[in-house]
A.B. asks: 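First the structure, which I've put down as C-alpha cells, then a few questions once you've had a look.
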Amino acid sequence: MAFHLEKPVDFQFKAGQYLNVSLIDPPETDAEGNTRSFTIASAPFEADLVFASRMRDTAFKRILKTLTLRSEIRISGPFGSFTLHTDTSRAAVFLVGGIGITPFRSIILQSAKDKVAHKLYLFYSNRRPEDAAFLDELEKVEKQNSNYKFIGTMTDIQKSQRPWQGETGHITPQMLLKWISNLKGPIYYTAGPPGMVAVMRQMLNASGIGDDDIQTEEFTGY
Ligand SMILES: Cc1cc2nc3c(=O)[nH]c(=O)nc-3n(C[C@H](O)[C@H](O)[C@H](O)COP(=O)(O)OP(=O)(O)OC[C@H]3O[C@@H](n4cnc5c(N)ncnc54)[C@H](O)[C@@H]3O)c2cc1C
C-alpha cells in the first residue's frame, strides 16, 4: 500500500533517504510503539511525499490504512545516506526484492528527470507481477532514460494470471552477467528486509565483489 502525504513547505531530501513516521494519538498501539521508519518512495521533484509498505496486521498499520484524507501524521527526517554515488563512470546496479524497491523508485525517477550520466540497472525480483510494487512505472522509465535498464524477474510465475515476458527465478550471478560484462565495475545497491539484504551481499561476495562496492539499507522491523 502506498501513502501519499502533502509535502511540507521547504521539505527537502535526496532520493534514497527515509522518514520516521509517527501516528498522533492513535486509538490503539502495541509494544513496538507509534513510530516506524519508511523510505521515501517518491522522487524529490514529485509533488507528494510517498511511502509504501508491505501491510501486515500490526496496530501501527491497522491505524495507518484507515486514515482518511486530511488526517495528520508526524514525520521527522530526512535521514540516511543511501543515495546514488557521484562517479558517473561507474554503473549502479540495484538488486531488489519486494518492498525493498522504495528507495530505488525515488533514485530511478529522479535520475531520469536530472538526466544523470550513470548507467543504471534495476534487477527487481518478486513472486508474481501482481505482487510487484511500481512494476509498470519502473519498466516505462526505460523510454525516458536510455542509460537505464529494467530487468524484472518472477519466482512464482506459475501462480500468476498476468502475462510475463521477462526473467524467471531468483537473481543470480548468471543473470547479472547477461547485462554486465565485468561484474567488478559497478557499485551495487540493495535494500529491504535484513534477510534479503544478507542473501544479496553473500551472492555478490561469492562473485568476488568486495563490501566497498556494496551499499545496503536494512529495513529493520521485518
Ligand atoms: C531505514 C529504514 C527504512 C525502511 N523503509 C521501509 C519501507 O520503505 N517500507 C516498509 O514497508 N518498511 C520499511 N522499513 C521497515 C519499517 O520501519 C517497519 O519495521 C516494517 O514495515 C514492519 O512494521 P510492522 O508494523 O509490520 O511490524 P512491527 O510491529 O514493527 O513488527 C515487530 C516484530 O513483529 C514481527 N511481526 C509483526 N507482524 C508480523 C507478521 N504478520 N508476521 C510475522 N512477523 C510479524 C516482525 O518481524 C518484527 O520482529 C524501514 C526500516 C528502516 C530502518
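Numbering of ligands and ligand atoms starts at 1, following listing order. A quick note: this is a predicted structure, and the numbers were derived from the prediction, not measured. These values consider heavy atoms only, across backbone and side chains, with no hydrogens, waters or symmetry-generated copies.
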A.B. asks: Could you tell me the residue and atom name of the protein heavy atom closest to atom 30 (O) of ligand 1, and the distance to it rounded to 0.1 Å?
C.D. replies: Arg36 NE, 3.1 Å

A.B. asks: Just heavy atoms, cut-off under 4.0 Å: does Tyr18 contact ligand 1 by side chain, backbone, both, or neither?
C.D. replies: side chain

A.B. asks: For Lys7, look at atom NZ and say whether over 12 heavy atoms of other residues, nucleotides or ligands are found less than 6.0 Å away.
C.D. replies: yes

A.B. asks: Check ligand 1 against Thr58 and write out every atom of the ligand that is under 4.0 Å from a heavy-atom position of the residue.
C.D. replies: 24 (P), 25 (O), 26 (O), 27 (O), 29 (O), 37 (C), 38 (N)

A.B. asks: Looking only at protein heavy atoms, which one is nearest to atom 17 (O) of ligand 1, and what is the separation?
C.D. replies: Ser37 O, 2.6 Å

A.B. asks: When you measure from the heavy atoms of Met55 to every atom of ligand 1, does any distance fall below 4.0 Å?
C.D. replies: no

A.B. asks: May I ask you to identify the nearest protein heavy atom to atom 48 (C) of ligand 1, giving residue, atom name and distance to one decimal place in Å?
C.D. replies: Gly221 O, 3.2 Å

A.B. asks: Measure the distance from atom 53 (C) of ligand 1 to every protein heavy atom, then report the residue, atom name and distance (to 0.1 Å) of the closest one.
C.D. replies: Thr220 OG1, 3.3 Å

A.B. asks: Which residue and non-hydrogen atom of the protein lie closest to atom 9 (N) of ligand 1, and at what distance in Å?
C.D. replies: Ala52 O, 2.9 Å

A.B. asks: What part of Ala41 sits under 4.0 Å from ligand 1 if we count only heavy atoms: the side chain, the backbone, both or neither?
C.D. replies: neither

A.B. asks: Check for a donor-acceptor pair, side chain of Lys149 on one end and backbone N or O of Lys119 on the other, with a separation under 3.5 Å.
C.D. replies: no

A.B. asks: Answer yes when Arg90 and Asp212 have at least one side-chain N-carboxylate O distance shorter than 4.0 Å, and no when they do not.
C.D. replies: no

A.B. asks: In terms of residue, atom name and distance, what is the protein heavy atom nearest to atom 27 (O) of ligand 1?
C.D. replies: Arg56 NH2, 3.1 Å

A.B. asks: May I ask you to identify, for Ile99, whether its side chain, its backbone, both or neither come under 4.0 Å of ligand 1 on a heavy-atom basis?
C.D. replies: side chain

A.B. asks: Would you please say whether a donor-acceptor pair under 3.5 Å links the side chains of Ser160 and Glu130?
C.D. replies: yes

A.B. asks: What do you reckon, is NZ of Lys14 surrounded by more than 12 foreign heavy atoms closer than 6.0 Å?
C.D. replies: no

A.B. asks: So is Gly80 close enough to ligand 1, meaning a heavy atom under 4.0 angstrom away?
C.D. replies: no

A.B. asks: Would you check if the side chain of Tyr121 reaches a backbone N or O of Leu176 as a donor-acceptor pair within less than 3.5 Å?
C.D. replies: no

A.B. asks: How far is atom 12 (N) of ligand 1 from its nearest protein heavy atom, and which residue and atom name does that atom have?
C.D. replies: Tyr222 CE1, 3.4 Å

A.B. asks: Distance to 0.1 Å, residue and atom name: give those for the protein heavy atom nearest to atom 8 (O) of ligand 1.
C.D. replies: Thr102 OG1, 2.9 Å

A.B. asks: Are the aromatic rings of Phe104 and Phe123 close, with centres under 6.0 Å apart?
C.D. replies: no

A.B. asks: Start with the C-alpha gap between Lys159 and Asp156, add the side-chain angles, then the distance that decides, and say whether salt bridge (charged side-chain N to carboxylate O under 4.0 Å, His left out) holds.
C.D. replies: CA-CA 6 Å; Lys159 299 212 176 115; Asp156 215 353; 3.4 Å; yes

A.B. asks: Does CZ in Arg127 sit with more than 12 non-hydrogen atoms of other residues, nucleotides or ligands closer than 6.0 Å?
C.D. replies: no

A.B. asks: Do you see a protein non-hydrogen atom under 4.0 Å from atom 19 (O) of ligand 1?
C.D. replies: yes

A.B. asks: Mind checking whether Met203 and Thr190 have side chains closer than 4.5 Å, heavy atoms only?
C.D. replies: no

A.B. asks: Of all the heavy-atom pairs spanning Asp48 and His4, show the shortest one and how long it is.
C.D. replies: OD2-ND1, 3.1 Å

A.B. asks: Only heavy atoms count here, so choose which of Met1, Glu217, Glu32 is nearest to atom 32 (C) of ligand 1.
C.D. replies: Glu32

A.B. asks: Given that the side chain starts at C-beta and the backbone is N, CA, C, O, which of these parts of Lys61 lies under 4.0 Å from ligand 1, counting heavy atoms, or is it both or neither?
C.D. replies: side chain

A.B. asks: How are the rings of Phe94 and Tyr189 set relative to one another: parallel (under 30°), tilted (30 to 60°) or perpendicular (over 60°)?
C.D. replies: perpendicular

A.B. asks: Taking only heavy atoms of Arg54 into account, list the atoms of ligand 1 that are under 4.0 Å away from them.
C.D. replies: 11 (O)

A.B. asks: Work out whether the distance between some heavy atom of Phe38 and some atom of ligand 1 is less than 4.0 Å.
C.D. replies: yes

A.B. asks: Please report whether ligand 1 has a polar contact with Thr39, defined as an N or O pair separated by less than 3.5 Å (distance criterion only).
C.D. replies: yes

